Each structure stands twice: as C-alpha cells, then as structure tokens.
Amino acid sequence: MAPSTLTFAALSLLTTLPSAHAWGSLGHTTVAYIAQNLVSSRTARFAKSILQDKSDAYLATVATWPDSYRYEPGGEFSQVFHYIDAYDDPPYSCNVVFARDCPEEGCIVSALANYSSRVVMDNLDNQEKMNALKFIIHFLGDIHQPLHVEHYAIGGNQVNVTFNGAKTNLHAAWDTAIPQQAEGNFTMENSERWATELTREIKFGKYKKEAKSWDKGINVNKPIDSAMTWARDANRYVCETVMPEGGDVLFNKELNGTYYENAIPVVKKQIAKAGFRLAAWLDAVVENAQRGGHGKGHGKKEKHDKREDFELEPWMQEARQLRRDFGGDCGCTAEEHGH
Ligand SMILES: *[C@@H]1O[C@H](CO)[C@@H](O)[C@H](O)[C@H]1NC(C)=O
Ligand SMILES: *[C@@H]1O[C@H](CO)[C@@H](O)[C@H](O)[C@H]1NC(C)=O
Ligand SMILES: *[C@@H]1O[C@H](CO)[C@@H](O)[C@H](O)[C@H]1NC(C)=O
Ligand SMILES: *[C@@H]1O[C@H](CO)[C@@H](O)[C@H](O)[C@H]1NC(C)=O
Ligand SMILES: [Zn+2]
C-alpha cells in the first residue's frame, strides 16, 4: 500500500503499536526460515498451497502476522494466545502447569493445539486454515522465549531496564534488543542469513548432538502435552538465565555486558530449537493428516488435568487479574522495525 493511501488514523496506530510481546520480527522470521530449511517436501507443498505462496520465503513472510492481527478489530481474542503465565517462583522454582496456568480464555499451549487441529480440517475454508498455519508458525516461536512462559512482572514487561542506555524492559530486551545486538536489525535477508547459520549448527555443528533429543515429547495426537514440553523447556531458563538472582535485582539495570553475554547463547539455542521443532511439528501434523487422521482434526481426545480441578492461590488470582488489566498494551517502546 502506498503511504499516501494510509489514513491518518492508520498511521498513528502504526506508530503507537506496542510490539514487544513476542520475539521481534528478526527472531520470528529466523525461526520460520530454519523450519523452511528442515521440513519435508510434502510439508512444503502443503504449506505453500494453504498460504498460496510459492516463493522461497513462504513461511518467513507470514511469521509476524499474529503480532499485528492481535491489534486489529476482530483479532483481539488472539492476544492471550501469545503466552502462558506460569505461576512459579523464580529463581527458586521454575515450572509450568497447564491446569493452573492456562485460563479459560486460552493461552499459547491451548492455541497451538487448536490451530494444529484446524490447519488440517476438511470442513474449514482456506482462509481459516491459512490463519491457523500462520498462528502455528508464530506461536512455536513465542513458546521458546522464556518470558512468554513466565508470570513474573507480566512476563518481564514491567521490569524497566536499559540496553546500551536506551530505555526498554526485560521482556522487550529478550524479544528484540539482545538478538539484534548479536545479529543486526531485522531485514528478511538478515533473518535468512541467521537461519542458514543456525541450520548449519543443527545439522553439522554445535547443536548436532543435542538436536537429536529436541523432538522428544512431540506426539501429534497429544498437542497439549507436546506444547507443554516446549513451554517447560523454555521456562527452565527463567530460573537459570533470565533471573538467576531473582527479578528484583534487574530493575533499572543496564543489560549490555555480562547479562547480555549470558543471555545470547540461550537466545540462539532457543531460536534454533523453535525452528527445528516447527519443522518437526508441521511434518508430523501433515503426515498424520495425509495418513487419514484429518477431517476432524486431531488431539480431541487428549486427556489432561482440568482447570476446574485446580484451585488458584490468592496471589495467583491477583496475578491473573493484573495480566487481564494489563491487556494488550505493554506501554513499552515500539519496536525499531519498519514493516
Ligand atoms: C480456535 O480457533 C478459532 C479460530 O481462530 C477460535 O475462534 C476459537 O476460539 C479457538 N478455540 C480455542 C479453544 O482456542
Ligand atoms: C517503567 O517505565 C514505564 C515507561 O517508561 C513507566 O511508565 C513506568 O512507571 C516505569 N515503571 C517503574 C516501576 O519504574
Ligand atoms: C554494548 O556492547 C557492545 C558490544 O560489546 C559495545 O560495542 C557497546 O559499546 C556496548 N554499549 C554499551 C553502552 O556498553
Ligand atoms: C539498528 O536500528 C537502530 C534503531 O533504529 C539504529 O540505531 C542502529 O544504527 C541500527 N543498526 C544497524 C547495524 O543498522
Ligand atoms: Zn507473539
């Protein structure tokens, strides 16, 4: 769209959009490019057909769509799907519990299950399947960002910090400032370059050995369990790396330096895992559907603990209310990318 066709209202919306709730565009696009490098040719055909895009960036170009959709009229319901607030106690105890942490309105874990089922449903029109696939691509990325699986200070959004002297918050630093310091600002080319590098590390380099266990816990008939495996894996880093001395000591801290040095290997590994698991998950979903598991979706009979059976402690109820009041707006600085 030419800039002149943007209305004033649309322009001012664009410039005030809060954006730091997700890996930034660099992270999400890199995850998608890694997955493109690793998916089966059958999955690639399936995805290109649903996305109606035969280009060599078919997953990459849609990876950030859910971060704008959530602010569009009619898209607000998807806001809560970008995270799960684990009511744990870092740095002493890190854990995620589905029945405790995923509220009635949904969370990233239930959303991944929902859209993994919808993407292969016969009776959905292509637009709905397209949205489902875009959500999967994006949420597989988000679930690997440790602060998307943590309740503390609204996933770190309320922990003000600086990075190279610029005001930001802990959540946004993990989404954007830390990855960009290492890999440069977001462009498609830069994301593709980073993805090529991480794919090489997965196949032949420093991740080769451990990557053999990265698809452990993936079961296409148990999407909730599968997503919980990824959520727990990321949440572990909240205690180990994000706030090893607790969150209080991070307020107003400058994160460039030692904090950054400790964080960046985790960021790289989590982006690599997300791309690897996105490919493995899409392969499993598509293969299952084409073997006849499609039509009704899958995972419908998966058993898991029910939220009705879990009584939230008062502080957890308070934390949930805080998150609901916080809503979609983190009040943080807009991300420095230009899409
Ligand atoms: C599943 O996705 C559809 C389409 O976005 C949405 O309307 C519905 O609320 C979702 N259901 C759950 C349980 O997340
Ligand atoms: C954090 O920064 C925001 C935006 O600059 C500000 O509104 C808020 O009061 C700050 N919070 C704290 C605890 O300093
Ligand atoms: C942040 O780290 C980079 C790389 O080490 C360095 O070039 C830059 O000067 C640092 N900024 C500050 C404010 O320390
Ligand atoms: C990245 O973007 C920031 C903010 O727009 C800018 O200050 C910086 O110079 C950019 N870095 C590079 C390497 O282009
Ligand atoms: Zn997101």
Side-chain angles (χ1 to χ4, degrees), residues 15-16 18-20 24-26 65-66 69-70 72-84 98 102-121 123-139 143 152-173 175-191 193-194 223-224 227 247-253 255-256 296-300 302 304 306-307 322 325-326 329-339:
T15 53
T16 56
S19 59
S25 302
L26 175 69
W65 171 80
Y69 179 68
R70 66 205 264 172
E72 285 170 16
E76 300 92 343
F77 74 96
S78 65
Q79 172 71 27
V80 298
F81 295 166
H82 292 249
Y83 55 82
I84 181 168
F98 181 75
C102 191
E104 305 83 71
E105 63 266 34
C107 67
I108 193 167
V109 172
S110 61
L112 273 166
N114 185 33
Y115 292 115
S116 298
S117 166
R118 290 172 69 87
V119 76
V120 290
M121 271 184 196
N123 57 353
L124 277 189
D125 62 30
N126 196 71
Q127 183 63 48
E128 286 295 318
K129 287 196 232 190
M130 190 188 286
N131 289 355
L133 184 49
K134 290 174 181 176
F135 279 128
I136 296 169
I137 296 162
H138 185 87
F139 296 151
I143 204 169
Y152 179 85
I154 324 266
N157 274 296
Q158 292 182 322
V159 181
N160 290 350
V161 298
T162 60
F163 199 89
N164 286 348
K167 282 187 177 163
T168 182
N169 67 66
L170 186 64
H171 188 108
D175 277 348
T176 308
I178 294 172
Q180 287 192 355
Q181 165 108 326
E183 302 297 330
N185 292 347
F186 168 67
T187 60
M188 292 302 281
E189 295 71 28
N190 203 25
S191 305
R193 176 201 56 75
W194 191 17
I224 298 274
D248 292 358
V249 300
L250 294 176
F251 279 85
N252 301 317
K253 207 173 134 91
L255 298 189
N256 197 18
K296 300 184 291 297
H298 47 70
K300 287 230 152 46
E302 183 180 15
H304 53 78
K306 298 219 172 3
R307 55 179 71 88
L322 273 179
D325 295 346
F326 185 77
D329 192 349
C330 69
C332 44
T333 51
E335 195 185 326
E336 327 81 82
H337 65 74
H339 68 209

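What you see is a predicted model; the values in this text were computed from it and never measured. When a ligand or atom number is given, it counts from 1 through the structure's own listing order.
Residue contacts with ligand 1 include Tyr115, since one or more of its heavy atoms lies under 4.0 Å from the ligand.
Among protein heavy atoms, atom 11 (N) of ligand 1 sits closest to Asn114 ND2, 3.0 Å. The protein heavy atom nearest to atom 7 (O) of ligand 1 is Phe77 CE1, 4.5 Å.
Looking at Asn160 next to ligand 2, an N or O pair under 3.5 Å apart turns up.
Shown here are the side-chain hydrogen bond (donor to acceptor under 3.5 Å, both in side chains) partners of Thr162, two or more places apart in sequence or in another chain: Glu254.
Inspection of the Asn169 and Asn160 side chains reveals no N or O donor paired with an N or O acceptor under 3.5 Å.
Distance screen at 4.0 Å: atom 5 (O) of ligand 1 has a protein heavy-atom neighbour inside the cut-off.
With hydrogens and angles disregarded, no donor-acceptor distance shorter than 3.5 Å links the side chain of Glu72 to the backbone of Arg70.
A distance of 13.0 Å separates NZ of Lys253 from CG of Asp248, quoted to the nearest 0.5 Å.
Numbered from 1 in the order shown, with element, the atoms of ligand 1 that lie under 4.0 Å from a heavy atom of Arg118 read 1 (C), 2 (O), 3 (C), 4 (C).
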Run Gln181 and Asn256 through side-chain hydrogen bond (donor to acceptor under 3.5 Å, both in side chains) and show every step you take.
CA-CA 9 Å; Gln181 165 108 326; Asn256 197 18; 2.8 Å; yes

